[in-house]
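Naming convention: chains lettered A, B, ... in sequence-line order (proteins, then strands); numbering from 1 in each chain.
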2 protein chains.
Amino acid sequence: MYKVKEVATMAGVSVRTLHHYDHIGLLSPGNVNEKGYRLYGEREVARLQQILFFKEMDFSLPKIKQILDDPEFDEEEALQHHREILWKKKARLERLIQSVDQTLETVRGGTLMEDEKRFKPFDMSEIEEHQKKYEKEVEERWGDTEAYKESKRKTNNYTDEDWKRIQEESNRIDRELVKLMGRDPSDEEVQRLIGEKRQHITDNFYECKGEIFRGLADMYVNDPRFTKNIDKWNEGYAEFLKKAIHTYCDRLG
Amino acid sequence: MYKVKEVATMAGVSVRTLHHYDHIGLLSPGNVNEKGYRLYGEREVARLQQILFFKEMDFSLPKIKQILDDPEFDEEEALQHHREILWKKKARLERLIQSVDQTLETVRGGTLMEDEKRFKPFDMSEIEEHQKKYEKEVEERWGDTEAYKESKRKTNNYTDEDWKRIQEESNRIDRELVKLMGRDPSDEEVQRLIGEKRQHITDNFYECKGEIFRGLADMYVNDPRFTKNIDKWNEGYAEFLKKAIHTYCDRLG
DNA sequence: GTTGACTCTGACGTTACGTCATACCTTATC
DNA sequence: GATAAGGTATGACGTAACGTCAGAGTCAAC
């Protein structure tokens with residue numbers, strides 16, 4: 001087991017970075033001793049390597065967390081993607097080197113370069129495309145799950161009336177939860193409503209097991225589109241929901 | 001002449017970025033029309049390419065500005081350095097690709113990787129060394145100037161008494177300037193003291209021509225070490241000085 | 001004149017830490 | 001046991017380089 005300094009030195013990151021990663025739940029220590037010292041083991045070190053790979057691919061920390069926390073996360077598949085992106089990055093650097101040489105020629109020759117030609121090699125779109133592709137694959141993986149299939153089967157024959165009823169019930173639950181935002185997420189009333197919310201999903205879409213519910217909660221805060229939408233109810237509602245759902249799932253065992 | 005959208009599209013940056021660069025004096029438009037529209041020409045486009053190269057080398061914007069604004073800036077030399085750094089970056093990517101392959105092997109073989117081995121390829125120190133080397137060269141270029149030589153000649157025979165006198169006079173000027181920080185930097189009294197400050201340098205170190213004085217002012221705010229030191233007089237003093245000196249030099253013509 | 005795209009300035013927000021303060025912990029040495 | 005140096009924790013403010021958005025003016029085509 002390593003302490004923070006050892007891991008930080010080994011990995012070439014700062015202690016502050018490790019604190020930060022712990023704080024956001026990206027990389028929690030394997031253990032914490034009686035004095036509060038973080039202790040990291042092999043699994044944590046391996047995860048940190050994964051994180052550094054994803055960072056090298058310009059993924060944001062919330063997105064990295066989402067990917068790594070996905071039960072369907074496939075390390076081999078991820079590494080394959082890293083490989084591809086690294087090759088594209090390398091190709092870009094080669095284009096930049098070429099551009100430097102060209103620019104040197106024009107400087108030495110006292111000529112001018114076409115304005116448009118100057119910037120082509122800096123182009124990142126191919127690399128960004130690949131990132132988006134990977135993200136899309138991760139998101140589309142949801143489409144392969146039993147939950148999704150069940151949801152599809154259930155909702156296939158819903159009438160407009162059904163949808164209206166479902167929307168209204170959902171809105172009611174959210175409205176009541178928002179009213180209780182001043183309370184602690186572990187509050188009994190809050191937890192009861194979270195239970196209702198979960199039941200609502202199970203009744204109308206798919207069986208909302210603990211792990212799925214928890215993953216949904218993480219998505220609420222990790223995916224800016226969800227956060228933005230949910231926070232329309234009230235500022236910070238997504239964060240409140242996440243905490244409440246996590247507490248609820250903790251108690252499920 | 002191009003407007004912001006054209007340049008932004010051409011260069012793959014945002015309009016906001018161009019605004020920002022103008023604001024910090026990194027890339028000013030060649031012209032501004034009657035309606036306040038920024039207009040960029042060939043020289044500005046070429047400078048933007050330089051900026052993007054330096055950004056690719058992970059230089060900060062203030063540092064880029066300092067380098068590009070240096071009268072001794074040598075484009076050819078800079079490009080040579082870029083070339084070297086790009087090669088080192090490429091080599092690093094190759095090491096990362098190798099690491100991915102190794103990691104794939106261990107994952108497939110169900111074995112573990114040595115903890116320390118995981119992070120070596122992420123190492124940036126060689127690249128950072130080269131950046132520091134370039135920065136050091138830029139700073140040491142000051143040592144080649146006539147101003148520096150003159151300063152050396154002048155100060156060579158200074159006694160402790162001389163140094164004490166010079167320090168006291170310098171402190172007096174600064175003390176008075178700090179008192180006037182509430183005024184506009186173009187204020188007459190402020191400008192008189194700026195004149196004194198310049199005279200002090202000319203009398204005791206080297207002939208402080210307009211361009212040199214202006215360059216000095218830029219260094220006060222672009223080099224964090226200067227800023228930190230100067231702002232010990234009062235918070236924001238470096239920025240105040242810069243503005244006052246620029247105004248003074250503007251009036252010199 | 002209208003519309004849609006473009007321009008400006010100003011200002012707040014974001015991400016991933018860096019920096020620093022304060023207090024506790026550990027280890028080696030005297 | 002005391003001390004010193006190095007290590008650990010939490011908390012909080014600050015940073016760089018924009019991104020986002022608001023409100024208002026401009027331009028070109030219909």
Rounded distance (Å) that lies between atom [atom2] of [N] and atom [atom1] of [X]:
| X | N | atom1 | atom2 | answer |
| --- | --- | --- | --- | --- |
| L18(A) | dT10(D) | CG | C1' | 15 Å |
| K65(B) | dA16(D) | NZ | C1' | 17 Å |
| M1(B) | dT7(C) | CE | C1' | 16 Å |
| D22(A) | dA9(D) | CG | P | 9 Å |
| H20(A) | dT15(C) | NE2 | P | 10 Å |
| R16(A) | dC13(D) | CZ | P | 13 Å |
| I24(A) | dC17(C) | CD1 | C1' | 10 Å |
| L26(B) | dA16(D) | CG | P | 14 Å |

Please table the atom pairs, donor to acceptor, closer than 3.5 Å between any side-chain atom in residues 27-35 of chain B and protein atoms at least two apart or in another chain.
{"residue": "N33(B)", "atom": "OD1", "partner": "K35(B)", "partner atom": "N", "Å": "2.8"}
{"residue": "N33(B)", "atom": "OD1", "partner": "G36(B)", "partner atom": "N", "Å": "3.0"}
{"residue": "N33(B)", "atom": "OD1", "partner": "Y37(B)", "partner atom": "N", "Å": "2.9"}

_Among K88(B), K89(B), K63(B), exactly one meets salt bridge (charged side-chain N to carboxylate O under 4.0 Å, His left out) together with D58(B). Which residue is that?_
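Result for salt bridge (charged side-chain N to carboxylate O under 4.0 Å, His left out) with D58(B): K89(B).
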*For K90(A), what residues pass the salt bridge (Lys or Arg N to Asp or Glu O under 4.0 Å) criterion, not counting sequence neighbours?*
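K90(A) satisfies salt bridge (Lys or Arg N to Asp or Glu O under 4.0 Å) with E94(B) once adjacent residues are dropped.
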*In residues 34-62 of chain B, what residues come within less than 4.0 Å of DNA chain C, judged by heavy atoms?*
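Nucleic-acid contacts, sorted: G36(B), Y37(B), R38(B).
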*asked:* Using a 4.0 Å cut-off on heavy atoms, which residues in residues 4-12 of chain A reach DNA chain C? List them by number, or say none.
replied: none
*Heavy atoms, side chains only, cut-off 4.5 Å: are R95(B) and K120(B) in contact?*
no
*What orientation do F53(B) and H82(B) show, parallel under 30°, tilted 30 to 60°, or perpendicular over 60°?*
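Ring orientation, 0 to 90° scale: parallel.
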_side chain to side chain contact (heavy atoms under 4.5 Å, CB included) against A46(A), all qualifying residues, sequence neighbours excluded_ = R118(B)
Can you check whether [X] has a side-chain N or O nearer than 4.0 Å to OP1 or OP2 of [N]?
| X | N | answer |
| --- | --- | --- |
| H19(A) | dA9(D) | yes |
| S14(B) | dC18(D) | no |
| T17(B) | dA17(D) | no |
| Y21(B) | dA17(D) | no |

_Using the side chain to side chain donor-acceptor pair (under 3.5 Å) criterion, which residues pair with S14(B)? Sequence neighbours excluded._
T17(B)
*Would you name the heavy atoms of F73(A) and I67(A) that are closest together and state the gap between them?*
CB-O, 3.4 Å
_Donor-acceptor contact present, side-chain E42(B) to main-chain D115(A), <3.5 Å_ =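 No; zero donor-acceptor contacts below 3.5 Å.
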